[in-house]
J.: 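One structure, pasted below without further comment.
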Amino acid sequence: MTAATTPPGRPQPAVGGRATERALCVLAPNPSAMTLDGTNTWILAEPDSPLAVVVDPGPLDEAHLANVVATAERLGKRVALTLLTHGHPDHAEGAARFAELTRTRVRALDPALRLGDEGLAEGDAVGVGGLELRVIATPGHTADSLCFHLPADDAVLTGDTVLGRGTTVVAHPDGRLGDYLDSLRRLQTLTVDGGVDTVLPGHGPVLDDARGAVEFYLAHRAHRLAQVETAVEGGLRTPRDVVAHVYADVDRALWPAAELSVRAQLDYLREHGLIDAATD
């Protein structure tokens, strides 16, 4: 986190509900240290269309999945397609059941998560009822992480690549720091050249300063990487020891997740010849 008076990204005061003209968040009841307030399930639709897209149905929680369907129906929408930002259970565990409830396909990058013949890949355009989403491959948090650009609202759905509060985990070994930094730079370009000013995250509040949020993430990653390199140079050799030193100000409940990020950082430093290859 930052000590700045204004939090990075200018988060909105509450989580859930209407975020943009085309995006509404239904908050899943799975709050935790890792999921923040819970998983943000997104209902996306053109205002005058009877069809909607749902991104990340969330955990396998019958009440939540039914609430997503009912919320769409109250808006006069029928869910026509389900998309996944990545395969972590808090985002994707309920997808198969949600597909049963809505009789929809599930599209994802990972074939194991799909229901139907169509997947998702970099550069794809998804259109439903006049709504347009552009698929951006953003590996790093996980290998299968995607973001969805919603150009009509100058917004991007980021899954766990950028959160509404705090920072995300590079989930080693599936997640890789080099990939994650490249993905953040892609999002940075989208905020500078693509007109995106709003982040619709997978957890936490909506961010009204997308560029500020992504630049904070890049600066934070550079700072943590330098801290890890210094810790290793100072004689710390195991990921657990590095976590205890570098993340001493972080809630210990988050240390197991921090260790995943540290392992990813150590791999990155080794790959770039910045620390001894034998460090573990």
Side-chain angles (χ1 to χ4, degrees), residues 1-11 32-36 85-86 88 138-143 145 147 158-191 199 201-205 207 209-280:
M1 295 296 290
T2 177
T5 302
T6 302
R10 293 205 307 267
S32 73
M34 289 296 295
T35 60
L36 305 180
T85 61
H86 65 297
H88 278 168
T138 51
H141 169 66
T142 60
S145 287
C147 291
T158 55
D160 282 357
T161 299
V162 175
L163 304 179
R165 186 169 65 250
T167 55
T168 199
V169 172
V170 180
H172 180 275
D174 184 46
R176 295 177 56 83
L177 180 59
D179 291 341
Y180 186 62
L181 294 174
D182 287 344
S183 294
L184 289 177
R185 293 183 190 108
R186 292 201 66 195
L187 292 176
Q188 183 182 38
T189 298
L190 198 63
T191 68
V199 170
H203 302 279
L207 302 177
D209 177 12
R211 182 174 179 178
V214 174
E215 290 179 349
F216 168 77
Y217 263 58
L218 283 165
H220 172 80
R221 280 295 162 202
H223 178 64
R224 284 296 195 208
L225 191 62
Q227 287 181 308
V228 170
E229 184 178 2
T230 299
V232 172
E233 290 173 347
L236 300 180
R237 287 293 178 264
T238 70
R240 183 169 298 181
D241 288 343
V242 173
V243 168
H245 179 73
V246 173
Y247 291 80
D249 60 338
V250 173
D251 185 345
R252 282 177 176 258
L254 297 175
W255 280 15
E259 185 172 331
L260 297 179
S261 285
V262 164
R263 289 183 179 275
Q265 290 172 88
L266 291 173
D267 277 358
Y268 181 89
L269 292 168
R270 280 191 289 264
E271 290 162 6
H272 289 76
L274 298 172
I275 61 173
D276 190 327
T279 302
D280 184 13

J.: Between CZ of Arg211 and CG of Leu190, what distance do you get to the nearest 0.5 Å?
T.: 12.5 Å
J.: Is Tyr180 close to Thr168 at the side-chain level, that is, under 4.5 Å between some pair of heavy atoms?
T.: yes
J.: Can you measure from CG (Leu218) to CD (Gln188) and round to the nearest 0.5 angstrom?
T.: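 Taking CG in Leu218 and CD in Gln188, the distance rounds to 5.5 Å.
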J.: Mind running side chain to side chain contact (heavy atoms under 4.5 Å, CB included) on Val170 and His141 for me, showing each step along the way?
T.: CA-CA 4 Å; Val170 180; His141 169 66; over 6 Å; no
J.: Just verifying a value: how many Å separate Asp179 CG and Thr138 OG1, rounded to the nearest 0.5 Å?
T.: 10.5 Å
J.: Between Leu184 and Arg221, what is the shortest heavy-atom contact and its length?
T.: CD1-CG, 4.5 Å
J.: Compare all side-chain heavy atoms of Thr158 with those of Leu207 and state whether any distance is below 4.5 angstrom.
T.: no
J.: Could you check if a side-chain atom of Val162 sits within less than 4.5 angstrom of a side-chain atom of Pro201, using non-hydrogen atoms only?
T.: no
J.: So, does Gln265 use its side chain to make a donor-acceptor pair with the main chain of Ser261 at under 3.5 Å?
T.: yes
J.: In a check of side-chain hydrogen bond (donor to acceptor under 3.5 Å, both in side chains) between His86 and each of Asp174, Thr161, Thr142, Asp160, which one passes?
T.: Asp160
J.: Is there a side-chain contact between Val228 and Leu236, using heavy atoms and a 4.5 Å cut-off?
T.: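 They are not in side-chain contact.
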J.: Looking at every heavy atom in both Ala231 and His245, which two are closest together, and how far apart are they?
T.: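 Taking every non-hydrogen atom into account, CB-CD2, 3.9 Å.
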J.: Does His220 use its side chain to pair, donor to acceptor, with the backbone of Phe216 at less than 3.5 Å?
T.: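 Not confirmed, His220 side chain does not pair with Phe216 backbone.
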J.: Kindly determine whether Tyr217 and Leu187 satisfy side chain to side chain contact (heavy atoms under 4.5 Å, CB included), including the steps that lead there.
T.: CA-CA 11 Å; Tyr217 263 58; Leu187 292 176; over 6 Å; no
J.: If you count heavy atoms of other groups shown closer than 6.0 angstrom to CZ of Arg176, is the number above 12?
T.: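 Incorrect, the count does not exceed 12.
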J.: Which pair of heavy atoms, one from Ala210 and one from Val199, lies closest together, and at what distance?
T.: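 Answer, listing the atom of Ala210 first, then Val199: CB-CG2, 3.7 Å.
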J.: For the residue pair Trp255 and Val262, establish whether any side-chain heavy-atom pair is separated by less than 4.5 Å.
T.: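 Counting from C-beta outward, Trp255 and Val262 never come under 4.5 Å.
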J.: Would you say Ile275 and Leu266 make side-chain contact, with heavy atoms under 4.5 Å?
T.: yes
J.: Shortest non-hydrogen contact from Pro11 to Pro205?
T.: CB-CG, 3.6 Å
J.: From Glu259 CD over to Asp241 CG, what is the distance, rounded to the nearest 0.5 angstrom?
T.: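 The CG atom of Asp241 is 9.5 Å from CD of Glu259, to the nearest 0.5 Å.
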J.: Quick check: closest heavy atoms across Val169 and Met34, and the distance to 0.1 Å?
T.: CG2-CE, 3.9 Å
J.: Going from OG1 on Thr238 to CZ on Arg263, what distance comes out if it is rounded to the nearest 0.5 angstrom?
T.: 8.5 Å
J.: May I ask you to check whether Gln227 and Arg224 show a side-chain donor-acceptor distance below 3.5 Å?
T.: yes
